[in-house]
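These notes are about the structure you will find just below.
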Amino acid sequence: MELSKAIEQLTHLQKQMQVYKHAQGVLYYDGDTAAPEKSYVGRGETLSELSRLSYQLFANDQVGELLAFLRENSDKLTPLQAREVDQLSRDYKQLSAIPMEEDAAFAALQNEATAIWKKAKHENDYSAFGGYIIRIAETLRKFAGYYQPGAEPYGVWLDQYERGLTREQLDNFFARLREAIVPLLRRTQTEGKPIDITFLQQKWPVEKQRQLSDYLMSLIGIDHSRCTIGETEHPFTTNFNKDDVRITTHYFEKDFVSSMYSVIHEGGHALYELNTDDSLWNTCLAEGTSMGIHESQSRLFENNIGRSREFINLIFPKLLELFPEQLASVTAEQLYRAVNRAEPSLIRTEADELTYCLHIMVRYEMEKQLIAGKLSADELPALWNQLMKEYLGVTVLDDAHGILQDTHWSGGMMGYFPSYAIGSAYSAQIMAAMEKQLDVKGLIASGNFAPILSWLTEKIWRYGKEKDPAWLIENATGEPFNPQYYLDYLTRKFSDVYGLS
Ligand code: ZN
């Protein structure tokens with residue numbers, strides 16, 4: 001094989017993969033937002049044919065040979081091409097590691113488990129679902145063995161979602177986090193000035209909330225000609241390429257804060273995708289590098305920026321213009337405190353910034369034991385409830401508000417939850433580094449987000465998948481991942497919000 005021909009094939013392959021990704025992505029997005037109810041059958045057929053075609057395009061011997069040849073000649077490739085080959089080889093190895101019939105069986109198991117989980121949650125009946133969690137954990141343990149024979153299975157899955165992240169790092173991270181958060185939370189409850197949130201429980205017309213979304217997107221620098229907003233049950237971000245990113249939100253008439261922070265959170269995800277470098281266009285590197293880094297960007301905008309006093313002061317005049325009656329007797333300071341209220345609760349997705357990671361720790365502890373095969377289906381609810389009591393001090397009254405609340409396990413994902421917590425910790429470290437070089441607070445106060453966007457583009461966004469998470473953190477902050485920044489941030493922030501001395 002000639003090298004120039006092989007490089008041509010590499011480019012063409014990625015272009016074709018991009019075509020499938022684009023088509024599949026638009027169909028999924030359409031299905032979630034605009035498609036009529038009965039369209040799912042036809043869409044399902046189209047999607048399964050597309051996924052069969054894209055599988056055939058990639059998982060075949062010619063691609064295997066092409067990648068092997070390019071790996072042998074990696075010294076003659078540009079660094080970008082070498083990374084493309086590295087990334088594709090990793091995907092290729094993974095795809096061919098699992099016997100086809102086991103892969104299909106797992107897809108069927110996930111599908112079935114998701115349907116059973118929905119019913120179980122709806123009917124608050126754990127009994128039918130518990131066995132599926134165990135079967136999924138068993139399959140994941142087996143698959144981990146295919147990916148990396150001999151390695152500790154849970155660690156293999158952590159690495160899948162956050163390349164390079166180890167169980168040791170996480171054990172240490174969560175232990176330190178718990179040591180800091182639990183007493184801090186207790187102090188907010190015993191010594192903190194109470195926070196009034198009753199004014200939030202009014203009617204906030206959805207039409208005005210839509211106007212707020214447009215305003216917020218413009219404010220944080222989202223280009224409306226390359227990113228639009230839709231409405232779905234659960235907010236998310238999807239990207240077809242860097243010039244076509246979609247975010248969604250959910251409007252609640254009795255709670256404008258929920259959608260406001262969904263828009264800022266998803267906006268952070270969108271900004272990352274919108275600002276990958278042009279040189280990555282149509283390659284497998286043209287997207288965010290990992291779940292943890294992605295979540296660090298969304299949470300940086302949602303929490304570090306969006307829940308800061310400067311940001312609330314900045315947007316308060318706009319809020320008064322949109323909701324003059326509802327906010328007539330409310331001050332910006334009251335709103336700042338209300339959006340930062342910390343309160344242990346049962347549901348992860350509704351948790352505040354301070355208690356959120358405690359919810360993740362419950363899942364982390366259980367997942368480790370599940371994948372190690374140490375738990376039976378019958379033991380799970382009681383263990384969940386015990387950990388919730390231990391970490392958050394709350395009593396779980398039923399499984400629908402306990403172990404049945406999340407979709408992840410039924411969808412076959414274990415080792416994924418920690419990246420939410422890691423993302424929050426990354427964002428604190430990134431923010432601290434940015435503050436050394438920019439007057440971030442001053443920029444937020446004056447609504448000048450351009451320098452913040454440039455900094456993040458320069459340090460993180462432009463690289464897409466070209467670099468691993470650990471490299472990006474060190475590049476952006478000058479040091480390896482260090483959880484201390486997050487602990488300091490939480491202590492500072494909640495001492496301020498609650499007036500702790
Ligand atoms: Zn997110």
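Start at 1 and go down the list; that is how both ligands and their atoms are numbered. The residues of the chain are indexed from 1 along the displayed sequence.
The Zn ion (ligand 1) sits nearest to atom NE2 when only the N, O or S atoms of His265 are considered.
Between Arg307 and Asp496 there is no salt bridge, since no side-chain N of the basic residue sits under 4.0 Å from a carboxylate O of the acidic one.
In this structure Lys493 satisfies the salt bridge (charged side-chain N to carboxylate O under 4.0 Å, His left out) test together with Glu353, sequence neighbours excluded.
Geometric assessment of Arg135 against the ring of Tyr132 yields a positive cation-pi assignment under the 6.0 Å and 45° thresholds.
No hydrogens or angles considered: nothing links the side chains of Asn239 and Tyr272 as a donor-acceptor pair under 3.5 Å.
For the Zn ion (ligand 1), the N/O/S atoms of His269 include one lying under 2.8 Å. Note on Glu295: counted as a metal contact of the Zn ion (ligand 1), an N/O/S atom lying under 2.8 Å.
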